Amino acid sequence: MDDLYREVILEHYKNPVHKGELDAHNHDFEDENPLCGDFIHMDLQVDENGIIRNAVFSGHGCAISQASADLLLESIIGKPVDEVQHMSTQDVLDLLGIDDLGPVRLKCALLPLKVVKSALYGIEKDE
Amino acid sequence: MLDAHLLRRDFPIFQRKIHGKKNLVYLDSAASSQKPQIVLDAMDKLYAHSYANIHRGIHELAEEATALYENSRQKIAAFIHVGDPAQLIFTRNTTESINLVAMAWGRKFLKEGDRILLTEMEHHSNLVPWYILAAEKGIQIDFTPVGEQGFLDQDRFQELLKRSPRLVAFTHMSNVLGVINPVQEMTQRAHQAGAVVLVDGAQSVPHFPVSVEMLNADFYAFSAHKMCGPTGIGILYGKRSLLEAMDPFMGGGDMIKKVTFEGFIPNEIPYKFEAGTPAIAEAIGFGAAVDYLNNVGMQAIHDHERQITRYAWNCLNKVRGLRILGPSAEERGGVISFELEGIHPHDVSQILDSQGIAVRAGHHCAMPLHQKLNVPASTRASFYLYNTFEDVDALVEGIQTVQKVFGSIGK
Ligand SMILES: Cc1ncc(COP(=O)(O)O)c(C=O)c1O
C-alpha cells in the first residue's frame, strides 16, 4: 500500500496543474464524500462540437481524491463529451497507476469522475 | 498496575501479522475492542455444550442456556453497580438502546412543543434518534455548546435547563475529544429542572468504574463490543418505574405475558423489551467479558490508560504540524484525535496501516462536533488495556513516516 503514494499522486496532490476557477465555463458541478470530507467542484468549457475545451477543479480532501481530480482533468481536456461519459472505474485506476484500492478509498478516487459526469449530464441529448 | 504485555497474550488477534509481515499496533479500540480468548471460549462452549432457545423449552439444554443468559445479565448489573438486574435490557448495541428510549419512552410521553436538550459532542447515535422523534412529534432540540478546551459549557447547560427540557441526553465520555463529562452533577441539575436523563456510556463503561445508581441517570446505554465482548449485544439500563410505564418497543415472542385473538398483555421487565430470540451466545460472551475486565480490575485499566494517554499526548504534542483536539492529557480518557497539517486523515491512516498501525480516520460519527471545531476530519488513536508504550512509539514513528512520504507539504 505504500506504493499507493507514488510520486505521480503526491506530485499532483502537491502541485495540481488544473486547480482553480474558470470564468468562461458552461458546465459546473460539485459533490462531496461526507464520510471523508473530500470536496470537489469543477468548471468545464464544452464547445459546440461537444469537445471539452478547458476544465478546472477546486476543493479539498485526501491525496487520492485531489490527485485523481487533477489527473482526470488532464486526460479529458480535448476529448469529446460522450467519451468521457463512458469512462469507467478502471480508467480512473489506470490514470492513478493503481491496481487495487479498498472500498473506502475507491470512493475518494472516483469522486472526481462522478462530478465530471454529473456536470456533463444530458449534454448529448441537448445537442 | 496491570501488565499490558502479559494481557496481550489473552488476545489471539495479536498473533497475526498485518499485510503479511507487520506486528499489529491496534489503536482503534474506541471503535471496537479486540476479544480475549475466554470470551470466544464462552460462546463456543455454549454452542458445543448447552445450546437451546431460552425462556421456552422445558428440557435440560433450554434450562442451562436460560440460566447462563440470565446469569450474564446479573454479572453486567453488578458490573455497573445496579442492584436489580431486571432494569437491564439486552439490546443490540448503544444505538439500539437509545432508539428504544426514543421510541418506547419518547413516543409515549413527549408531545408537540416539548424540548429536549442534547450536547454538541454527541455521537450520531445520540442525535439521529432524537431528530427522528422531533420530526415526528414537533419537538424542539437544544444543544449545550462545547467550549474552548473541548469541555461542555456548564453555564450554558444551566441556562438551557431553564427552558424545561423533558429529556436531557449526553455522553459520559466523548469519543472524539476524550472529555469525561461530570455526569453526576449534570444529572442532578437536570433532575432539578424536571428532566429525565439519558447517558450514553459507550465510551465510559469499557474504560473506568461506573456506578449507574450513584450517577442516578434514568437511562444508561452501552455496547459489549467496545469492552472485550462480542458484537450484536448491548445494554439499556432504565429505572424500573420508567421501564414499567413505557410501552413495548417491538412486538413478538417473549415480550408477551398472554396473546389472544383480541390482543396481548405485555410481559414484565426486562422481557417486555426483548422481543424474539435474542443474541443468546453474545449475551453469554458479554458476561465472560465482564468477568475478564473484573479480573484485570477496572481501576487498574483506567490507571493504565491514563499513563498511556499521558505518554502519547506528550509525544504527539511534540510532533511538528500536529494539533491535538480537546483538552490536556490530565483531563481526558484514552482517546486522542489530531490533525496533521497539510495531510488528510485518510492518507495518514492509510500510510499508518501499511506499517501495521490501526487508527480511525474521519469524523468518528460526530459530524456536528467536527463542524463546530471547524475540522473536516481527524485521525484518532484510542487506547485500551492491551496497549503498550511501544504502541505509542510505533504511532509516533509512523506519523513521522507519513510526513516523510508527503515531504514538505503544507506550509
Ligand atoms: C460515544 C458513543 N456513543 C455511541 C456509540 C455507538 O455505539 P454502537 O455502534 O455500538 O451502537 C459509540 C461508538 O461508536 C460511541 O463512541
Side-chain angles (χ1 to χ4, degrees), chain A residues 1-17 19 30-41 57-72 89 92-93 95-115, chain B residues 17-22 28 31 124 128 176 325 337 339-380 397-411:
Chain A
M1 271 299 175
D2 260 341
D3 48 294
L4 191 57
Y5 294 91
R6 290 168 19 264
E7 277 306 309
V8 195
I9 290 179
L10 289 174
E11 189 48 38
H12 281 271
Y13 174 59
K14 285 194 236 181
N15 303 307
V17 183
K19 196 159 179 175
E30 61 190 37
D31 202 356
E32 60 180 341
N33 282 336
L35 282 180
C36 351
D38 294 337
F39 172 82
I40 299 277
H41 175 97
F57 80 99
S58 54
H60 52 81
C62 67
I64 306 293
S65 69
Q66 305 300 302
S68 171
D70 204 43
L71 285 159
L72 179 68
T89 301
V92 173
L93 291 180
L95 284 174
L96 289 163
I98 301 170
D99 317 321
D100 182 28
L101 206 56
V104 175
R105 301 315 302 275
L106 195 58
K107 277 205 189 119
C108 308
L110 292 181
L111 178 65
L113 181 60
K114 198 173 141 203
V115 171
Chain B
K17 300 288 177 206
I18 300 301
H19 302 301
K21 54 185 190 295
K22 301 283 182 182
D28 198 18
H124 296 163
V128 182
V176 176
L325 308 180
S337 302
E339 282 188 294
L340 262 195
E341 197 179 320
I343 312 178
H344 191 277
H346 271 187
D347 297 321
V348 176
S349 168
Q350 184 116 39
I351 297 173
L352 289 177
D353 170 66
S354 67
Q355 301 161 72
I357 305 167
V359 296
R360 177 89 188 257
H363 49 61
H364 325 308
C365 296
M367 272 188 179
L369 175 62
H370 276 82
Q371 197 182 335
K372 163 82 181 204
L373 299 173
N374 204 13
V375 173
S378 61
T379 307
R380 177 183 75 188
E397 261 175 55
I399 290 170
Q400 282 156 358
T401 305
V402 173
Q403 291 182 318
K404 220 177 291 158
V405 169
F406 271 74
S408 52
I409 281 185
K411 277 131 264 169

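Note that the coordinates shown come from a computational prediction; the quantities given were computed from them, not determined experimentally. Chain A is the first sequence line, chain B the second, and so forth, proteins listed ahead of strands; every chain is numbered from 1.
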Counting C-beta onward and ignoring hydrogens, is there a side-chain heavy-atom pair between B:His344 and A:Ile64 closer than 4.5 Å?
no
Considering non-hydrogen atoms only, spot the tightest contact between B:His346 and A:Arg105 and give its length.
O-NH1, 3.3 Å
Heavy-atom pair with the smallest gap, counting every atom of A:Leu10 and B:Val405
CD1-O, 3.1 Å
What orientation do A:Tyr5 and B:Phe406 show, parallel under 30°, tilted 30 to 60°, or perpendicular over 60°?
tilted
When you look at NZ of A:Lys19, are more than 12 heavy atoms from neighbouring residues, nucleotides or ligands closer to it than 6.0 Å?
yes
Any idea which of A:Cys108, A:Ser65, A:Pro34 has the most non-hydrogen atom pairs under 4.5 angstrom with chain B?
A:Pro34
